[in-house]
Amino acid sequence: TRDQAAQMVWNAMNAYEVEYKTNLVTDENGNLVSQVTVQDKVVSSNNDKITLLTDKYEAYVNVGTLESINGKDLSLYMTSSDKDDSDKDSIDDFTNVSTDYSALLGQKVKVMFTKANNVLGVYATNDNTTYTVNMKDISADGNKVELASGTYAFDDGASIPVVKLDVNNETVVTGTTMTAANFDTDANKVSTATVKFVDNDGDGKLNIAIITEYLAKEVTYVGSDRITAGDTYKMADENIASDIAQDDYAMISYNMYDNCLDIVKAEVVTDTLNSSKDKDKYTQYEV
């Protein structure tokens with residue numbers, strides 16, 4: 001199939017090249033004969049092996065965890081093992097990236113590039129498993145989080161590194177951690193945020209959590225160049241869905257690649273209220 005053919009080409013591009021070497025050796029009769037051997041092709045004074053991708057197209061592949069995205073710039077975190085698997089282990093920051101790879105944040109990836117400012121593509125490895133859930137559906141089970149798909153421990157023990165897409169301040173917050181109990185709070189039971197947990201090394205434990213915050217607002221005005229939903233948002237400044245109309249509800253989140261807000265139409269479900277229950281800091285409704 002075309003899919004299999006593409007995989008075969010990709011495998012070949014990433015295979016190390018070999019070369020034929022001819023030596024003169026003496027046979028059992030004392031005659032000089034040519035002996036041809038196949039060996040890895042090596043370059044530079046370090047005798048580094050070289051892939052077809054690098055030799056013919058001057059492109060390289062680095063491996064690491066996609067640590068941050070800031071507009072068109074992205075950064076990798078590379079372990080010593082990642083560096084061993086990378087062609088240019090000194091390059092972990094890339095600029096002028098022309099594609100939005102924010103969906104891969106926190107995952108183990110391969111970056112194919114010719115230079116640090118010329119990225120050809122970013123691809124998730126097979127080591128990654130992701131779990132995306134609503135914040136309100138996370139429960140604590142000791143130091144573990146309980147999701148609909150199961151109960152998971154954190155790779156670092158009692159807490160997990162967190163990347164938060166802060167919609168109110170339109171920024172990415174890093175350098176913080178959360179425990180299982182931090183996720184399972186009354187405030188988070190009414191949160192509109194989603195959480196993507198990532199196991200990026202295949203050991204069944206969670207390595208990072210990406211929190212995407214949302215604001216839910218009623219749209220009171222739609223003009224040719226702006227909308228009003230609590231605040232006024234200009235079409236030129238934000239990614240505003242074209243199907244939003246007055247009296248709709250909008251879900252607003254921060255887009256780290258475009259460095260603006262994504263504003264989309266929210267689905268509204270109308271049904272019968274079956275019951276309600278007062279909690280300490282909120283009321284729970286069942287429809």
query = Any chance the rings of Tyr221 and Tyr233 have centres within less than 6.0 Å?
reply =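 Distance test on ring centres: not under 6.0 Å, no.
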key: Aromatic ring proximity Phe94/Phe113, centre distance under 6.0 Å   = yes
task = Could you tell me whether Glu17 and Lys41 have a side-chain N and a carboxylate O separated by less than 4.0 Å?
result = yes
message = Whether Arg226 and Asp237 form a salt bridge (side-chain N of Lys/Arg under 4.0 Å from carboxylate O of Asp/Glu) is what I want to check.
response =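 Here Asp237 does not pair with Arg226 in a salt bridge, since their nearest N and O are not under 4.0 Å apart.
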[X] versus [Y], closest heavy-atom pair with distance:
| X | Y | result |
| --- | --- | --- |
| Leu104 | Ala124 | CD2-CB, 4.0 Å |
| Glu213 | Val167 | OE1-N, 3.4 Å |
| Ile211 | Val195 | CG1-CG2, 4.1 Å |
| Asn274 | Val287 | ND2-C, 3.7 Å |
| Glu238 | Leu261 | OE1-N, 2.8 Å |
| Val222 | Ala245 | CG2-C, 3.7 Å |

Measure the [atom1]-[atom2] distance between [X] and [Y] for me, rounded to the nearest 0.5 Å.
| X | Y | atom1 | atom2 | answer |
| --- | --- | --- | --- | --- |
| Met135 | Thr185 | CE | OG1 | 7.5 Å |
| Asp155 | Asp199 | CG | CG | 7.5 Å |
| Lys234 | Ile240 | NZ | CD1 | 11.0 Å |
| Asp201 | Asp82 | CG | CG | 10.0 Å |
| Thr212 | Leu165 | OG1 | CG | 5.0 Å |
| Asn62 | Lys88 | CG | NZ | 9.0 Å |

Test side-chain contact (heavy atoms from CB on, under 4.5 Å) applied to Val97 and Val119, Asn117, Ile69, the passing residue =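 With Val97 as partner, side-chain contact (heavy atoms from CB on, under 4.5 Å) holds for just one option, Val119.
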Test item: [X] side-chain N/O and [Y] main-chain N/O as donor-acceptor pair under 3.5 Å:
| X | Y | value |
| --- | --- | --- |
| Asn31 | Asp27 | no |
| Lys49 | Val18 | no |
| Asp87 | Val61 | yes |
| Thr228 | Asp231 | no |
| Asn128 | Lys108 | yes |
| Thr26 | Leu32 | no |

message = Test side-chain hydrogen bond (donor to acceptor under 3.5 Å, both in side chains) on Lys72 and Tyr257; report intermediate values, then the result.
response = CA-CA 6 Å; Lys72 297 184 183 299; Tyr257 180 75; 3.3 Å; yes
May I ask you to test the [X]-[Y] pair for a side-chain heavy-atom distance under 4.5 Å?
| X | Y | result |
| --- | --- | --- |
| Lys196 | Gln107 | yes |
| Val111 | Leu76 | yes |
| Cys260 | Asn239 | yes |
| Phe197 | Val133 | yes |
| Val33 | Val25 | yes |
| Leu206 | Val145 | yes |

Would you kindly say whether [X] and [Y] are connected by a side-chain donor-acceptor distance under 3.5 Å?
| X | Y | value |
| --- | --- | --- |
| Gln7 | Asn11 | yes |
| Asn200 | Asp127 | no |
| Asn182 | Thr179 | yes |
| Tyr249 | Lys217 | no |
| Asn255 | Asp262 | yes |
| Ser191 | Asn188 | no |
| Thr95 | Asp73 | no |

Single-linkage hydrophobic cluster [X]~[Y], side-chain heavy atoms < 4.5 angstrom:
| X | Y | value |
| --- | --- | --- |
| Tyr77 | Tyr101 | no |
| Leu120 | Leu53 | yes |
| Leu74 | Tyr60 | yes |
| Val122 | Trp10 | no |
| Met78 | Val163 | yes |

Counting heavy atoms not belonging to [X], are there more than 12 under 6.0 Å from its [atom1]?
| X | atom1 | result |
| --- | --- | --- |
| Glu267 | CD | no |
| Glu58 | CD | no |
| Asp3 | CG | no |

Which atom pairs, one a donor and one an acceptor, fall under 3.5 Å between side chains of residues 136-143 and the rest of the protein, sequence neighbours left out?
none

message = Under the side-chain hydrogen bond (donor to acceptor under 3.5 Å, both in side chains) test against Tyr254, which residue among Asn259, Asn169, Asn168 passes?
response =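 When Asn259, Asn169, Asn168 are each tested with Tyr254, the side-chain hydrogen bond (donor to acceptor under 3.5 Å, both in side chains) holds only for Asn259.
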key: Axial cation check for Tyr123 ring with Lys110, 6.0 Å and 45° limits   = no
key: Within 45° cone of Tyr152 ring axis and under 6.0 Å: Lys144 NZ or CZ   = no
query = Step by step, would you call Asn207 with Ile160 a side-chain contact (heavy atoms from CB on, under 4.5 Å)?
reply = CA-CA 7 Å; Asn207 298 88; Ile160 188 171; over 6 Å; no
ask   = Asn96 and Asn118: side-chain hydrogen bond (donor to acceptor under 3.5 Å, both in side chains), yes or no, with the steps?
value = CA-CA 7 Å; Asn96 198 34; Asn118 186 27; over 6 Å; no
key: Cluster companions of Val264 among Ile, Leu, Val, Met, Phe, Trp, Tyr (side-chain spacing under 4.5 Å)   =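 Same cluster as Val264: Tyr214, Met251.
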request  = Applying side-chain contact (heavy atoms from CB on, under 4.5 Å), run through Val172 and Asn70 and close with a yes or a no.
outcome  = CA-CA 8 Å; Val172 178; Asn70 183 12; over 6 Å; no
message = Could you walk me through whether Lys205 and Asp156 satisfy the salt bridge (Lys or Arg N to Asp or Glu O under 4.0 Å) test, starting with their C-alpha distance in whole Å, then the side-chain angles of each, then the deciding distance to 0.1 Å, before giving a yes or no?
response = CA-CA 9 Å; Lys205 296 181 180 180; Asp156 288 343; over 6 Å; no
task = Run the numbers on Leu215 and Thr192 for side-chain contact (heavy atoms from CB on, under 4.5 Å), then give the verdict.
result = CA-CA 7 Å; Leu215 296 176; Thr192 51; over 6 Å; no
key: side-chain contact (heavy atoms from CB on, under 4.5 Å) between Met13 and Tyr57, worked out   = CA-CA 10 Å; Met13 297 293 285; Tyr57 298 95; 3.2 Å; yes
